[in-house]
Amino acid sequence: MHVFDFTTLGALLLVASVVAMITHRIKLPYSVGLVAAGIVLALLPVDIALPLTPELIFFVFLPPLVFEAAVQIPWVPLRRELPLLIALVTVGVVLAAGVVAVGMHYMSGWSWIGAAMFGVLIAATDPVSVIAAFKSMKVEHRLHLLVESESLLNDGVAAVGFAILVAIAAGEAAGPVAVSVKLAQTVFGGIACGGLVAVPLILVAGRTHDRLVEITLTMVIAYGSFLLAEHFHMSGVLATLTAGVIVGNYGFLGSFSADGRQGMLAHWEYVAFLINSIIFILIGGREATMPFLAVIEAAAAATVLALIGRAVAVYPIMAAFRGTRLAVPWGYKHVLFWGGLRGALALALALGLPATIPERDTIIVVSFAVVAFSIFVQGITMPWLIQWLGLIAPDTAGHASADSGQ
């Protein structure tokens, strides 16, 4: 791994602060400005190391990002939407990954294992730009919940699927029974790890009213749940997601003081801002060095297939819930489709591909190309799409046009 020193960190934070002010003024998505800044930094004749490794993303950046999003998700509406969300992140991920895998195998000649791994990793969504737009434009609550919850669960399922494919590539048993057992262990083991870490530490937090101690304990919960699950080869993403939902919904009922709750939410908001800033600048820095022209055809095919796969994952599944209490307005469907941006997790999985995969280097470059498209094209156009669909929540009681067109 490259050395990531404090000089580099200071430079990145300064750049992130300037970019935040500029993008806010010109109404450009923050992530777009950061990636562009990373590209510029990489091209300048300055000695700023811009390392981007799977370890850095997966073990340092990912746990707090998952925890920060999960801790703000209310359990009651989440539970109400679970049948729809589970369909989206199971059947939907399989369909999206399948479309991409089959397409890349036949269109670009990739091996089945390489195409399958790419299909799964590129199915992982990261709608940071979309959520930022939601907060600034104040979209309807259900849309916000669906997009953020689907993304978190989607990431967990995609990471689990990728881990199973890595195990198969390493020569482990690939029969239906073996895969099913591995899947169950990874998913339910991850959820159990989240609960095993979160519940005792919430009880410990109830023994103090020092908000700094309470905030520190949430840091331990976020990283501890992730690392415990990964140590036992279970899903760290699902562990941290579970821990975050437990802290956000049950830790606030009495274990955390009022000051601790406000301080914790402010702390995690800043942590998410800090980490997203660094990630997107690093993505931009790596984008600047990618030989995109060498894989232009495969990158174009992958981008189109990723969009088709996302459409197949969203529209048919949501159509299946038409006429039920979970029916989704057409505007929501369009936002979920176009807002399925790819980001840090997809790149972490791509960079962590086993060396035995024949197309490994090509897959990494193509993954960066798809992520670049999603950030610069989908990310920039999302605010316009939200306004055009009329999905901004009204200031007064009642719901706007999104309730029509189910």
From CG (L143) to CG (L391), nearest 0.5 Å: 6.0 Å
Stepwise side-chain contact (heavy atoms from CB on, under 4.5 Å) check, F292 with I296: CA-CA 6 Å; F292 291 124; I296 188 67; 5.6 Å; no
Expected output: side-chain R286 to main-chain L52 donor-acceptor under 3.5 Å: yes
Within 6.0 Å of CZ in F188, more than 12 heavy atoms from elsewhere: no
Ring geometry between W384 and W388 (parallel below 30°, tilted from 30 to 60°, perpendicular above 60°): parallel
Under 3.5 Å donor-acceptor, T208 side chain and A205 backbone: no
Under 3.5 Å: donor-acceptor pair, side chain of T381, backbone of Q378: yes
Inter-residue atom distance F321.CZ - L326.CG, 0.5 Å rounding: 6.0 Å
Side-chain donor or acceptor of D126 paired with backbone N/O of R342 under 3.5 Å: no
Distance-only donor-acceptor pairs under 3.5 Å for side chains of residues 25-32, two or more places apart:
unit_1 : atom_1 : unit_2 : atom_2 : d
Y30    : OH     : S277   : OG     : 2.4
S31    : OG     : S129   : OG     : 2.0

Donor-acceptor under 3.5 Å (N154 side chain, L88 main chain): no
is_close_aromatic(F67, Y223), centroid dist under 6.0 Å: no
Main-chain N/O of T125 paired with D155 side-chain donor or acceptor, under 3.5 Å: yes
Side-chain touch L183/S180, heavy atoms, less than 4.5 angstrom: no
Test side-chain contact (heavy atoms from CB on, under 4.5 Å) applied to L85 and L78, step by step: CA-CA 9 Å; L85 290 170; L78 174 64; 3.5 Å; yes
Can you give each donor-acceptor pair under 3.5 Å made by side-chain atoms of residues 306-320, sequence neighbours left out, with the distance rounded to 0.1 Å?
unit_1 : atom_1 : unit_2 : atom_2 : d
R310   : NE     : L336   : O      : 3.1
R310   : NH1    : E150   : OE2    : 3.1
R310   : NH2    : E150   : OE1    : 3.2
R310   : NH2    : L336   : O      : 2.9
Y315   : OH     : H334   : ND1    : 2.9

Any donor-acceptor pair under 3.5 Å from E359 side chain to A115 backbone: no
Test item: S151 side-chain N/O and V147 main-chain N/O as donor-acceptor pair under 3.5 Å: no
Show me the donor-acceptor pairs within less than 3.5 Å that the side chains of residues 102-109 make with the rest of the protein, sequence neighbours left out.
unit_1 : atom_1 : unit_2 : atom_2 : d
H105   : ND1    : W110   : O      : 2.7
H105   : NE2    : W112   : NE1    : 3.2

CZ (R360) with more than 12 external heavy atoms under 6.0 Å: yes
V94 and V157, any side-chain heavy atoms less than 4.5 Å apart: no
Validation row: I278, L9 side chains within 4.5 angstrom (heavy atoms): yes
CE-CD distance between M264 and E214, expressed to the nearest 0.5 angstrom: 9.5 Å
CA sep, side-chain torsions, deciding dist, call: L282, F61, side-chain contact (heavy atoms from CB on, under 4.5 Å): CA-CA 12 Å; L282 296 182; F61 292 157; 4.2 Å; yes
Over all atoms of both residues, closest heavy-atom pair of A96 and A123: CB-CB, 4.4 Å
Any donor-acceptor N/O pair, E68 side chain to A272 backbone, under 3.5 Å: no
Of R142, E140, H141, E148, the residue whose pairing with H144 passes side-chain hydrogen bond (donor to acceptor under 3.5 Å, both in side chains): E148
